[in-house]
Amino acid sequence: MNEENLDNIVIDGLDETYAENMDADEVIAPSIMLVDFVIDGSGSMDIYEKAMQECLEHYKSAIAGSKQADEMMVSKTIFESTIVTGGYVAPEDLNTDYSAGGITRLYDAIIDRRQRMLDYMDQLRNNGTSPRACLVILSDGCDNGSRNRASDARQAVQDLTSKEITVAFIAFGQDAFGVADQIGVKPQNVKEVSNDESELRKVIDLVSKSAISASKRASAGAGGNSDAGFFDV
């Protein structure tokens with residue numbers, strides 16, 4: 001599937017309640033780092049609902065309280081039977097709700113976020129802001145129920161990577177080990193952890209630190225596809 005075909009895919013089953021972006025005209029920073037966090041909300045994640053909400057609150061506070069906060073915008077998407085897709089907002093405005101139940105529409109979520117990310121980056125450029133971006137995915141297993149295929153998700157990941165956008169993947173438990181390779185995520189941007197609450201808290205703390213570090217590198221003019229891994233902080 002080529003880039004034009006990816007652009008024309010329509011994803012069914014979206015919940016766009018939180019999909020509105022900050023108006024590009026309101027972004028005053030000359031450069032901005034977009035951090036897109038795409039999280040598995042399938043039924044197997046239901047035992048982590050409370051912990052995930054607490055982790056997302058910590059993630060929000062860490063980024064909002066960092067020196068990079070004014071140069072960062074964040075988005076959160078939850079994928080299950082419905083994909084609750086999020087807009088790009090200031091870190092302090094991130095919605096941290098989380099619930100789990102349903103299937104694992106991983107591929108559809110990746111394709112949806114690719115298009116939204118690229119569209120918003122174009123809006124920012126047209127308003128004089130230089131954008132960089134990273135897409136961070138957390139899943140506890142393989143795709144189940146997407147309309148699109150692994151090859152489509154892989155093409156979306158490769159397209160983002162070709163545009164110097166970092167794509168990172170957290171495999172939360174053994175059922176997700178190897179999924180990142182199937183969709184073309186670079187090995188240095190993959191983190192495999194066991195699926196328990198302690199590891200969940202540690203890895204989402206690492207996501208916040210890694211996102212802040214990525215923003216610092218972008219501010220210093222470093223590209224998004226350096227040899228350093230996203231989680232190397």
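We number each residue from 1, following the sequence as shown.
Side-chain contact check for Val207 versus Ile170: some heavy-atom pair is nearer than 4.5 Å. Using a 4.5 Å heavy-atom cutoff, the side chains of Ile212 and Met72 are in contact. Two residues are said to be in side-chain contact when any heavy atoms from C-beta on lie closer than 4.5 Å; Phe231 and Val190 fail this criterion. Between Lys186 and Phe230 the shortest side-chain heavy-atom distance does not fall below 4.5 Å. At a threshold of 4.5 Å between non-hydrogen side-chain atoms, the residues Ile165 and Leu118 count as touching. For the pair Leu94 and Phe37, the minimum side-chain heavy-atom distance is 4.5 Å or more. Side-chain contact between Leu160 and Leu135 is present, with at least one heavy-atom pair separated by less than 4.5 Å. Taking 4.5 Å as the limit, every side-chain heavy atom of Lys216 sits out of range of all side-chain heavy atoms of Lys67.
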Query raised in the report: Run the side chain to side chain donor-acceptor pair (under 3.5 Å) check on Asp112 and Thr85 step by step: do they pass?
Result: CA-CA 8 Å; Asp112 177 65; Thr85 192; 3.0 Å; yes
Requested in this report: Start with the C-alpha gap between Ser162 and Asp159, add the side-chain angles, then the distance that decides, and say whether side-chain contact (heavy atoms from CB on, under 4.5 Å) holds.
Outcome: CA-CA 5 Å; Ser162 73; Asp159 183 53; 3.9 Å; yes
Report task. Would you sort out whether Thr161 and Thr166 count as a side-chain contact (heavy atoms from CB on, under 4.5 Å), showing the intermediate values? Result -> CA-CA 6 Å; Thr161 302; Thr166 299; over 6 Å; no
Query - Steps toward side-chain contact (heavy atoms from CB on, under 4.5 Å) verdict (Leu56, Lys76) - result: CA-CA 9 Å; Leu56 289 172; Lys76 182 205 71 182; 3.9 Å; yes
Requested in this report: Assess whether side-chain contact (heavy atoms from CB on, under 4.5 Å) is satisfied between His58 and Arg201, documenting all intermediate values.
Outcome: CA-CA 9 Å; His58 172 76; Arg201 294 183 186 278; over 6 Å; no
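Note that CZ of Arg154 is 11.5 Å distant from CD1 of Ile110, once rounded to the nearest 0.5 Å. Rounding to the nearest 0.5 Å places CG of Leu206 at 11.5 Å from OH of Tyr59. The CZ atom of Arg217 lies 9.0 Å from the SG atom of Cys134; values are rounded to the nearest 0.5 Å. Here the CG atom belonging to Leu200 is positioned 9.5 Å from the OG atom belonging to Ser198, to the nearest 0.5 angstrom. Expressed to the nearest 0.5 Å, how far CG of Asp232 lies from CD of Gln188 amounts to 8.5 Å. Rounding to the nearest 0.5 Å places CD1 of Ile39 at 14.5 Å from OH of Tyr48.
Between the side chain of Ser146 and the backbone N or O of Asp108 there is at least one donor-acceptor pair closer than 3.5 Å. Remark: the backbone N or O of Gly86 is paired with a side-chain donor or acceptor of Arg113 at under 3.5 angstrom. Under the 3.5 Å distance criterion, the side-chain polar atoms of Glu80 are left unmatched by any main-chain donor or acceptor of Gly43. The closest donor-acceptor contact from the side chain of Ser208 to the backbone of Asp205 lies under 3.5 Å. Under the 3.5 Å distance criterion, the side-chain polar atoms of Asp93 are left unmatched by any main-chain donor or acceptor of Val89. Within the 3.5 Å criterion, the main-chain N or O of Gln123 finds a donor-acceptor partner in the side chain of Asn127.
The cluster map of Ile, Leu, Val, Met, Phe, Trp and Tyr, joined by side-chain heavy atoms under 4.5 Å apart, puts Ile183 and Leu138 in different clusters. Phe169 and Val35 fall into different hydrophobic clusters, where Ile, Leu, Val, Met, Phe, Trp and Tyr are joined by side-chain heavy atoms under 4.5 Å apart, directly or via other members. Both Val38 and Leu106 belong to a common hydrophobic cluster when Ile, Leu, Val, Met, Phe, Trp and Tyr are linked at side-chain heavy-atom distances under 4.5 angstrom.
Side-chain contact annotation: Glu71 with Ser219, donor-acceptor N/O pair under 3.5 Å present. No donor-acceptor contact under 3.5 angstrom links the side chains of Asp15 and Thr82, judged on distance only. Judged purely by distance below 3.5 Å, without hydrogens or angles, the side chains of Arg125 and Thr129 never pair a donor atom with an acceptor atom. A donor-acceptor pair shorter than 3.5 Å can be found between the side chains of Asp40 and Ser139.
Of the options Arg105, Gln115, Arg147, a side chain to side chain contact (heavy atoms under 4.5 Å, CB included) to Ile11 is made by Arg105 and by none of the others.
Annotation for Pro131 and Leu124: closest pair CB-CD1, 3.9 Å, computed over non-hydrogen atoms. Across Tyr120 and Met73, no two heavy atoms sit closer than the pair OH-CE, 3.3 Å.
Look at Asp119 and Arg116 and you find no salt bridge, because none of the NZ, NE, NH1 or NH2 atoms lies under 4.0 Å from a carboxylate O.
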Output side-chain donor-acceptor pairs under 3.5 Å for residues 18-33, partner residues at least two apart or in another chain, one line each.
from	atom 1	to	atom 2	distance (Å)
Asn21	OD1	Tyr88	N	2.8
Asp23	OD1	Asp25	N	2.8

Under 3.5 Å, which donor-acceptor pairs link side chains of residues 172-181 to any protein atom two or more places apart or in another chain?
none

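Within a 6.0 Å sphere centred on NZ of Lys60, heavy atoms belonging to other residues, nucleotides or ligands number more than 12.
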